[in-house]
S.K.: 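The structure's right below; bear with me while I get my questions together.
For ligands, and for the atoms within them, numbers begin at 1 and follow the listed sequence. What you see is a predicted model; the values in this text were computed from it and never measured. Numbers for residues simply follow the sequence, beginning at 1.
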Amino acid sequence: MTSGNYERIVEKISNISGIKKEEIEEKIKEKRSKLSGLISKEGAAQVIASELGVSFEDEILKLGELLPGMRNVKVLGKVLNISPVRSFKTKRGDESKVVNLWIADDSSNVRVVLWDTNHVALIEKGDIKDGTVIEIKNGSMRDNEIHLGNFSEINVSKETIEDIVTKKVFKEKEIVNFLKGESVSVRAFVVQAFEPKFFNVCPECKKKVEKEGDIFHCNTHGKVVPEKRAILTLVLDDGTESIRAVLFQEPLNKLGITDFEDLEKLSKQKGDLLGKEMIFSGNIKLNNFFNNLEIIVEDVNEVDMEETINKLEKSNS
Ligand SMILES: [Zn+2]
C-alpha cells in the first residue's frame with residue numbers, strides 16, 4: 001500500500017521547474033479550492049504541471065508516479081506476465097490484434113495494453129517474454145493502464161531492475177478522491193448491507209452459468225454441476241463520502257459472511273457487519289446503471305492488522 005504518489009509528483013514538478021515544493025503545493029491548494037474541490041490532489045498537480053510548462057516526456061517515470069490521463073509517458077519495467085494474444089476485427093473490418101502485459105519496477109506494477117501489430121509481433125516472436133526489461137515511450141494512460149498505439153515505442157532494454165513490486169498495489173485514498181480505474185484501499189465503516197444475491201458458476205472456468213430446463217450449461221464446458229456463489233452489496237463510508245461496495249466469495253468470508261445455506265445465520269452475520277470498521281481494498285468501476293462509482297472489493301482486513309503492520313514497519317526502520 002502506498003500513499004506517496006502525490007508527494008512524488010510534487011517533487012518531480014519541483015525538480016523540473018525549479019520551483020520550491022511548498023510553493024507548488026500552495027498552487028495545487030489554490031487550484032482545488034477554485035474548482036470547489038471537484039478535482040483530486042493528483043489531478044490538480046497535473047493541471048499545475050501543464051500550466052508551468054512542466055512535461056514529463058523526457059523523464060523516465062517510476063510506475064508509482066503514473067497518473068490517469070498522462071500522455072507521452074516514458075517508463076522502464078520488467079515483464080511479469082503476458083496475456084494470450086487476442087485477434088479482433090476493427091470497425092473498418094481489418095483484422096487486428098491486442099495483448100496485455102504486466103510490468104513492474106521497484107515502486108509499483110501496471111498493466112500495459114499493446115494495440116499495434118508491430119508491437120504485438122515482438123511478443124509473438126518471443127523477443128519480449130516474462131522477465132524481459134522493456135522501455136516504453138509515448139504511452140498514454142487510460143484509467144490506470146498504459147496504452148500503446150502506432151505512435152508509441154516499445155523496446156527491449158539492457159537495464160536491470162531489482163526488487164520489483166509484484167503484489168498488486170492498492171493506493172490508500174479517501175473515498176471522496178476515488179477515480180475510475182484505480183486500485184485503492186480505504187479504512188471505512190459499513191453503513192448499509194443489502195440482501196445477498198446468489199448465482200451459479202461453472203466449476204471449471206468459474207464463469208456464470210444459466211439454467212436451461214433442468215441442467216446448467218457452460219458455453220465452454222457444456223453440461224456442468226455448478227458451484228453456488230454469493231454477491232453482497234454494502235455501502236461504505238469513511239467520513240468524506242460514501243460508496244457502494246460489491247463483494248464476492250473470498251472477501252465475504254473474510255468479513256465473516258460464511259453461511260449461505262442457513263438464511264437465519266446469514267441474516268445475523270449480515271447484521272453484525274453494520275457499524276464495523278475495516279480496511280477495504282479493490283478496484284474502482286463506474287456502475288453504468290446507477291452512473292456512479294463503486295468499489296469491487298478484492299480484499300478485506302482488520303483495522304488492528306494494519307496498525308500492527310505499521311508498528312512493525314516503524315520498528316524496522
Ligand atoms: Zn466452463
Side-chain angles (χ1 to χ4, degrees), residues 79-91 93-104 109-115 117 120 123-124 126 128-131 142-145 147 166-170 180-183 193-234 244-263 265-266 269-270 280-290 293-300:
V79 176
L80 288 182
N81 186 23
I82 302 176
S83 78
V85 174
R86 205 156 48 82
S87 297
F88 67 97
K89 274 218 160 49
T90 64
K91 277 182 196 154
D94 304 331
E95 196 68 36
S96 199
K97 289 175 178 177
V98 63
V99 66
N100 303 323
L101 35 122
W102 279 93
I103 60 168
N109 53 58
V110 68
R111 196 153 89 127
V112 182
V113 187
L114 310 185
W115 294 98
T117 44
V120 175
I123 309 271
E124 290 172 321
I128 295 176
K129 48 186 183 290
D130 287 0
R142 211 181 285 171
D143 294 332
N144 264 3
E145 300 169 343
H147 285 243
T166 55
K167 205 179 157 218
K168 186 161 186 179
V169 180
F170 295 103
K180 190 182 121 195
E182 284 185 317
S183 299
F194 295 95
E195 279 308 315
K197 292 206 172 70
F198 299 97
F199 61 98
N200 294 291
V201 298
C202 166
E204 296 279 335
C205 62
K206 311 292 177 196
K207 288 206 179 110
K208 202 165 167 179
V209 289
E210 299 298 340
K211 201 169 185 180
E212 289 170 9
D214 277 339
I215 62 155
F216 286 92
H217 185 85
C218 167
N219 284 337
T220 317
H221 299 99
K223 186 181 162 188
V224 292
V225 179
E227 287 174 10
K228 197 174 175 187
R229 287 281 186 272
I231 177 171
L232 178 69
T233 303
L234 303 174
R244 285 166 63 92
V246 180
L247 294 93
F248 294 92
Q249 212 75 15
E250 244 177 83
L252 276 184
N253 295 343
K254 285 184 85 174
L255 257 188
I257 305 275
T258 51
D259 268 290
F260 298 111
E261 304 300 334
D262 186 335
L263 292 180
K265 265 192 195 158
L266 178 65
Q269 290 178 343
K270 200 171 69 98
F280 297 87
S281 306
N283 302 314
I284 306 301
K285 295 252 156 66
L286 181 71
N287 180 314
N288 290 317
F289 185 74
F290 295 106
L293 295 178
E294 63 185 22
I295 179 169
I296 313 299
V297 176
E298 288 193 357
D299 199 13
V300 183

S.K.: Please give me the protein atoms (N, O or S only) lying under 2.8 Å from the Zn ion (ligand 1), ordered by chain and number.
M.R.: C202 SG, C205 SG, C218 SG, H221 ND1
S.K.: Hey, could you give me the CG/CD distance between L247 and E298, rounded to the nearest 0.5 Å?
M.R.: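 Reported value, rounded in 0.5 Å steps: 11.0 Å.
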S.K.: Salt bridge (charged side-chain N to carboxylate O under 4.0 Å, His left out) with R111: which residues, sequence neighbours excluded?
M.R.: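 With neighbours one apart ignored, the set is E145.
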S.K.: For a quick test of your reading: what N or O donor-acceptor pairs under 3.5 Å do the side chains of residues 199-221 make, sequence neighbours left out?
M.R.:
{"residue": "K206", "atom": "NZ", "partner": "P203", "partner atom": "O", "Å": "3.2"}
{"residue": "K206", "atom": "NZ", "partner": "E227", "partner atom": "OE1", "Å": "3.2"}
{"residue": "K206", "atom": "NZ", "partner": "E227", "partner atom": "OE2", "Å": "3.3"}

S.K.: How close do S281 and I295 get, counting heavy atoms only, and between which atoms?
M.R.: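 Where S281 meets I295 most closely, the heavy atoms are C-CD1, 4.4 Å.
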S.K.: What closest approach, in Å, do N109 and K167 show between heavy atoms, and which atom pair accounts for it?
M.R.: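 Where N109 meets K167 most closely, the heavy atoms are ND2-O, 3.0 Å.
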S.K.: Name all residues meeting the salt bridge (charged side-chain N to carboxylate O under 4.0 Å, His left out) criterion together with K265; count only those two or more places apart in sequence or in a different chain, and write none if there are none.
M.R.: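 Listed in chain order: nothing, the list is empty.
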